[in-house]
Protein chains: 2
Amino acid sequence: MNKTKLTLKDVAQQLGVSTATISNAFNRPDQLSKARREDILLQCERIGYSGPNKAAQILRKGTSNIVALVLADSIAYMVSDPVASTFIKGVSTTLQQQGKHLLLYAGDSKSILDVVDFVDGFICYGAPRNYKLAREIAAQPKPAITVDFDIVDVPSINIDNEDAAYQVAKAAIEKDDVVAILGLRLIDSPSTCRIYDNPLIDTDSSISHRRLDGYLRAAEEKGVSIQNEWIWHLPESDRNYARQAAKEVLMSSPRPSTVLCMSDIIALELLHSAIAMGIDVPNELKITGFDGIEEADRARPHLTTICQSSVSKGEAAAKALLAGEVRKQILPFDLKIGETVGKR
Amino acid sequence: MNKTKLTLKDVAQQLGVSTATISNAFNRPDQLSKARREDILLQCERIGYSGPNKAAQILRKGTSNIVALVLADSIAYMVSDPVASTFIKGVSTTLQQQGKHLLLYAGDSKSILDVVDFVDGFICYGAPRNYKLAREIAAQPKPAITVDFDIVDVPSINIDNEDAAYQVAKAAIEKDDVVAILGLRLIDSPSTCRIYDNPLIDTDSSISHRRLDGYLRAAEEKGVSIQNEWIWHLPESDRNYARQAAKEVLMSSPRPSTVLCMSDIIALELLHSAIAMGIDVPNELKITGFDGIEEADRARPHLTTICQSSVSKGEAAAKALLAGEVRKQILPFDLKIGETVGKR
DNA sequence: CTGTTAGCGCATTCAG
DNA sequence: CTGAATGCGCTAACAG
């Protein structure tokens with residue numbers, strides 16, 4: 001019994017054939033007769049050789065079957081977010097089907113350079129918290145695709161956030177409403193607050209600002225104006241931030257009659273807080289969400305929201321990356337009217 | 001401007017030094033003067049060389065800084081399970097601190113051999129659905145650690161499942177109770193069902209069977225016996241399976257007065273179903289969970305359950321792996337008495 | 001269909 | 001502290 005791991009060369013010697021033959025048996029079936037190949041594979045199994053060393057293959061071939069999924073934030077945060085984890089689901093399913101491996105990469109990492117040499121490509125889900133990563137992605141030579149944000153000349157997957165926000169807002173807002181918005185990453189602040197006159201960040205690239213545009217357009221059409229003191233910023237789509245913001249909104253005077261939330265997590269937290277305070281939804285308070293997460297289905301009353309299929313996004317992203325797609329795609333969404341808007 | 005990527009050799013030539021010097025500048029600071037090193041690093045940055053090629057380093061050094069996290073099931077499933085995703089959180093946090101990368105590996109994959117050559121080690125979370133993977137882990141030479149199950153001679157992280165189950169059951173069961181158990185992976189069936197006389201699987205290694213033992217011991221002490229027709233098997237800790245099982249349990253006659261659930265997801269689903277049917281918890285029905293997930297905190301009445309910190313498990317697993325730990329560890333748990341047991 | 005050879009890009013001896 | 005040489009394990013050309 002050999003102690004040290006067998007190499008292709010060892011095996012070739014033991015079987016009395018050349019290294020190329022062994023290599024071909026594993027990698028290029030068409031380069032030798034079926035019988036020969038099967039014989040070799042069998043012999044290899046018997047002597048405990050399970051195929052060419054992958055590390056060497058990565059160097060030699062320049063491909064590894066590893067795809068890096070660059071998340072917007074830390075893995076810890078992303079994995080507990082229902083929207084992100086659903087996206088990961090879509091990505092992983094597709095990658096597994098194609099025999100690819102999934103490397104999770106945090107968006108708050110220093111740099112992407114320590115994996116670029118051995119991964120086959122990048123899927124970037126959301127603008128990375130460390131925005132330098134986005135620049136590195138753009139500069140680096142491996143295929144990449146972005147989701148829910150854009151980098152010039154990099155293929156992407158998005159929905160029409162402006163239109164989606166417009167539609168859901170239009171379903172909620174009525175004449176004479178006092179409208180508030182619970183937004184995500186609108187300004188550069190680590191805590192929940194009203195945006196007032198703080199400068200908006202990333203005004204062009206951010207999906208949050210596209211959504212804000214949609215909300216405001218719908219409001220305008222309904223003849224309602226929304227001042228900045230009615231617009232909240234939350235640093236993350238997180239229950240704790242949401243609870244705090246919900247409290248602020250519900251304590252405001254006058255209390256808004258419609259609150260447009262940029263995620264279902266936020267909307268659900270607001271809904272629960274409102275119910276706990278004995279507020280009648282939707283008669284006293286209308287609420288809209290965004291995303292269409294599963295938990296929203298379990299809430300009563302049913303949430304009015306925009307359903308975007310994160311699984312589809314993940315699948316689309318993985319497929320597009322593997323297929324070498326270069327275009328930017330816009331995926332559809334569904335407006336779902338629940339019971340949190342309109343009078344009963 | 002070079003089109004092709006710079007190699008260490010190119011850089012050495014350009015800077016007029018030897019390749020070893022460049023290599024040392026990046027990898028072994030002690031091998032050259034600080035000034036020299038900083039000068040070289042600066043030059044490298046200026047000409048756009050970001051360091052030695054990682055793929056080549058993997059081959060040469062035999063390490064990659066990649067740790068594979070082998071999940072019990074498909075990534076798609078695991079990532080949406082609150083317990084598993086919390087575990088991933090713990091693992092990823094620790095790995096990121098130590099500059100390691102996280103490769104997610106599905107437990108229903110064919111084999112582990114296609115990554116063994118380039119990862120530095122394995123963390124196995126739960127017995128993989130394809131149990132062959134466990135054997136491969138045992139046979140392969142890289143460091144590995146298992147969590148929530150065991151492989152002979154492989155270090156592991158576990159809690160005392162028997163004791164935990166015993167304690168939570170003991171807190172719930174009262175004399176003359178009719179007790180039912182909603183168990184996980186007790187028999188080899190893809191659907192929810194009572195176990196009756198079906199042969200139990202994996203009787204030794206499975207944590208489910210340890211929990212079952214604990215439940216039964218507590219019942220016995222209370223003078224209650226639990227027949228097999230009062231024990232359900234669920235293939236996964238999944239809301240849909242749980243809902244179905246909950247329905248069966250609540251429709252049973254006589255209806256159990258205590259139901260011991262092997263996960264909080266199951267327990268919460270049962271709780272919701274019971275409330276929807278107007279059943280008084282805990283006066284007409286006592287419920288216990290297992291895991292201590294966040295969602296259980298939000299439920300009313302509060303769930304009585306076993307809190308095991310999945311984050312700690314993840315951290316412990318990653319640390320133990322990186323530290324070369326070889327022992328098997330038993331982590332503590334907490335019995336949390338909520339309002340779903342005992343009379344009010 | 002098979003065997004020989006030249007690197008993939010680097011880290012590490014070992015002299016100097 | 002530096003430079004030349006060796007090979008990590010493999011694949012792709014190419015020649016037979």
Nearest-Å distance for atom pair [atom1]/[atom2], residues [X] and [N]:
X      : N      : atom1 : atom2 : result
B:Q31  : D:dT2  : CD    : P     : 10 Å
A:I22  : D:dA12 : CD1   : P     : 16 Å
B:F118 : D:dC10 : CZ    : C1'   : 15 Å
A:I58  : D:dC8  : CD1   : P     : 18 Å
A:L6   : D:dC8  : CG    : P     : 14 Å
B:L8   : D:dG3  : CG    : P     : 13 Å
B:L15  : D:dC1  : CG    : P     : 18 Å
A:K5   : D:dG9  : NZ    : P     : 10 Å

Mind checking [X] for me? I need base, sugar-phosphate or nothing, with any heavy atom below 4.0 Å counting as a touch.
X      : value
A:N24  : nothing
A:D117 : nothing
A:L59  : base

Exercise. When you get a sec, tell me which of D:dA12, D:dT2, D:dC10 is the closest nucleotide to the side chain of B:S18?
Key: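 Nearest listed nucleotide: D:dT2.
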Exercise. Return the set of residues passing side chain to side chain contact (heavy atoms under 4.5 Å, CB included) with B:S156 (not counting sequence neighbours), or none when no residue passes.
Key: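 Expected list: B:T146, B:D150, B:N158, B:K328.
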Exercise. Return the set of residues passing side chain to side chain contact (heavy atoms under 4.5 Å, CB included) with B:V326 (not counting sequence neighbours), or none when no residue passes.
Key: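 Here no residue qualifies.
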Practice problem: Would you sort out whether B:Y105 and B:Y125 count as a ring-ring contact (aromatic ring centres under 6.0 Å, His included), showing the intermediate values? | Solution: CA-CA 10 Å; B:Y105 210 87; B:Y125 181 62; over 10 Å; no
Quiz item: Do you see a donor-acceptor pair shorter than 3.5 Å between the side chains of A:Q98 and A:N65?
Solution: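 No, because no side-chain N or O of A:Q98 sits under 3.5 Å from a partner of the opposite role on A:N65.
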Quiz item: If you measure only the distance, is there a donor-acceptor pair under 3.5 Å linking the side chains of B:D10 and B:T7?
Solution: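 Per modelled atom types, B:D10 and B:T7 side chains form a pair under 3.5 Å.
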Quiz item: On DNA chain D, nearest-nucleotide positions of B:A56 versus B:K34: which is more 5'?
Solution: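 On the 5' side of the pair lies B:K34.
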Quiz item: Between B:D30 and B:R60, who's closer to the 5' end of DNA chain D by nearest nucleotide?
Solution: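 Closer to the 5' end of DNA chain D: B:D30.
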Exercise. Give the first and the last nucleotide of DNA chain C, reading 5' to 3', that has any atom under 4.0 Å from a heavy atom of chain A.
Key: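 Here the contact window of chain A covers C:dC1 to C:dG9.
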Quiz item: Is the count of non-hydrogen atoms from other residues, nucleotides or ligands lying under 6.0 Å from A:D30 atom CG greater than 12?
Solution: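 Correct, the count exceeds 12.
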Quiz item: Any donor and acceptor pair, going by atom type alone, linking the side chain of A:E136 with main-chain N or O of A:I112 inside 3.5 Å?
Solution: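 Yes: the side chain of A:E136 pairs with the backbone of A:I112.
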Quiz item: Reckon B:R37 has a side-chain N or O less than 4.0 Å from the OP1 or OP2 of D:dC1?
Solution: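 Looking at the OP1 and OP2 atoms of D:dC1, neither is under 4.0 Å from any side-chain N or O of B:R37.
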